[in-house]
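In what follows, a structure is listed as structure tokens, so that the remarks can point back to it.
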Protein chains: 2
Amino acid sequence: MIIGIIIFVGHAHSHEYAVDPGWSAAALADVRARGLRNGGARRTVIEHLGGQSCCSSAQEIYDGIRSAGGRVGIASVYRALDQLVELELVQRVDIGDGIARFEPSHGSGDHHHHLVCDDCGRVDPFFDPALEQALEGAASRLDYGMRAHEIVLHGSCADCRGGGA
Amino acid sequence: MIIGIIIFVGHAHSHEYAVDPGWSAAALADVRARGLRNGGARRTVIEHLGGQSCCSSAQEIYDGIRSAGGRVGIASVYRALDQLVELELVQRVDIGDGIARFEPSHGSGDHHHHLVCDDCGRVDPFFDPALEQALEGAASRLDYGMRAHEIVLHGSCADCRGGGA
DNA sequence: TTGTTTGCAAACCTTTTGCACGTTA
DNA sequence: TAACGTGCAAAAGGTTTGCAAACAA
């Protein structure tokens, strides 16, 4: 039997999803610290990811880099993403359309989850302190060396429900 | 500013994951009620899913049906799954390996989420009342017509951590 | 009967791999 | 220099689609 009390105090919709300017530098340093080199492709992928505030697919990252003048191969994008996920610097996100998306692994401060509109495909980040608390509670209660978690909510965005503007 | 208190009382590991014998019948009825026919393939997929207690991939469902003597095509399995997800009778689950999995959409009673061992690939269902509460709270707080949600926790199972048996 | 569903095979698309060349430390 | 990283192109694997035959109502 388990009895628990959670008290949360926070703002529900006021979280800022600004990009974290320090993430790229930290990731590059971490990569180097683990004995890996930072060739053009990996560095570019890290720098591109650092400028994103929510998740992007490998193709989107590739296109973004190319249209900014970078000359990466998509295979290198996939390879870099794999390694960054492995190092827990990047989080993989599956929103249910069969395309893997990736975003910087934020520290507990900037952690968010995803809201997917099944009508138009739009993805919105959200942050809910009570949910985060409960998740950490569940993670510690379950005896399972927890390293990452993902929450995806499916529904319809305001625009698609027509109520919007 | 939001202030909330959640008090939960429950068993963490005591939930039963028995298959729901009524799901198949209900799903078949629902399909018929919506004007669709129940040809061999769709019926067989529904009946197979009804016998599962956790998620399975399209290939696993196909193999399961074939080895039980059924003669479905895998395209029909995919088509049936798509339709069942559309009707919200089946829930799609993405555990991060690029393979879509599917399981009966349980009512709130039998609802569970997934624990994925990143070392051996094992998937375990879990149920956590506090987490479920928090999720419903978050869903109602966010203004987003919520229809489904998914939580995936990644870590290492007891076996892989070596502490196990 | 008549529109729906099915199975097969081909097509599709995302992701992975082989390999020779370029780069980093 | 020597190991590592990269790009290209080809291969792989999961999923979708076209189509004619089979089937449910």
Could you give the [atom1]-to-[atom2] distance, from [X] to [N], as a whole number of Å?
X	N	atom1	atom2	result
B:Arg71	D:dC23	CZ	P	10 Å
B:Ile74	C:dA9	CD1	C1'	13 Å
A:Leu81	C:dT17	CG	C1'	17 Å
B:Asp97	C:dT14	CG	P	18 Å
A:Arg32	D:dG5	CZ	C1'	15 Å
B:Asp63	D:dG14	CG	P	11 Å
B:Tyr78	D:dG18	OH	C1'	18 Å
B:Arg43	D:dC23	CZ	P	14 Å

Just how large is the angle between the end axes of the helix from C:dT1-D:dA25 to C:dA25-D:dT1, five pairs per end, to 10 degrees?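 Taking five pairs per end, the axes differ by 40°.
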
Test salt bridge (charged side-chain N to carboxylate O under 4.0 Å, His left out) applied to A:Arg101 and A:Asp94, step by step: CA-CA 6 Å; A:Arg101 278 151 226 269; A:Asp94 284 289; over 6 Å; no

Classify the angle between the aromatic ring planes of A:His113 and A:His149 as parallel (below 30°), tilted (30 to 60°) or perpendicular (above 60°).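 The rings of A:His113 and A:His149 sit tilted, inter-plane angle from 30° to 60°.
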
Between A:Arg37 and D:dG5, is there a contact of a side-chain N or O with OP1 or OP2 at under 4.0 Å?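 Indeed not, no polar side-chain atom of A:Arg37 lies that close.
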
By nearest heavy atom, map B:Arg42 and B:Ala75 onto DNA chain C; which one lands nearer the 5' end?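 Counting from the 5' end, the first nearest nucleotide belongs to B:Arg42.
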
If every non-hydrogen atom of A:Ser140 is compared with every non-hydrogen atom of A:Gly137, which pair is closest and at what distance?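 Scanning both residues, the minimum pair turns out to be OG-O, 3.0 Å.
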
How far apart are the closest heavy atoms of A:Ile46 and A:Trp23, and which atoms are they?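 That closest heavy-atom pairing would be O-CZ3, 3.3 Å.
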
Using the salt bridge (charged side-chain N to carboxylate O under 4.0 Å, His left out) rule, take A:Asp159 and A:Arg122 through it: C-alpha gap first, then chi angles, then the decisive distance, then the call. CA-CA 10 Å; A:Asp159 286 355; A:Arg122 172 174 168 177; 3.8 Å; yes

Please round to the nearest 0.5 Å and tell me the distance separating atom CZ of B:Phe102 and atom SG of B:Cys55.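 Here the interatomic distance stands at 10.0 Å.
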
Classify [X] by what it touches in the nucleic acid, base, sugar-phosphate, or nothing, heavy-atom distance under 4.0 Å.
X	result
A:Arg79	base
A:Leu36	sugar-phosphate
B:Ala41	sugar-phosphate

Salt bridge flag under 4.0 Å for residues A:Asp97 and B:Arg92: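 No salt bridge links A:Asp97 with B:Arg92.
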
Of the nucleotides C:dT16, C:dG3, D:dT15, which one has an atom closest to the side chain of A:Asp82?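 In terms of side-chain proximity for A:Asp82, the closest of C:dT16, C:dG3, D:dT15 is C:dT16.
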
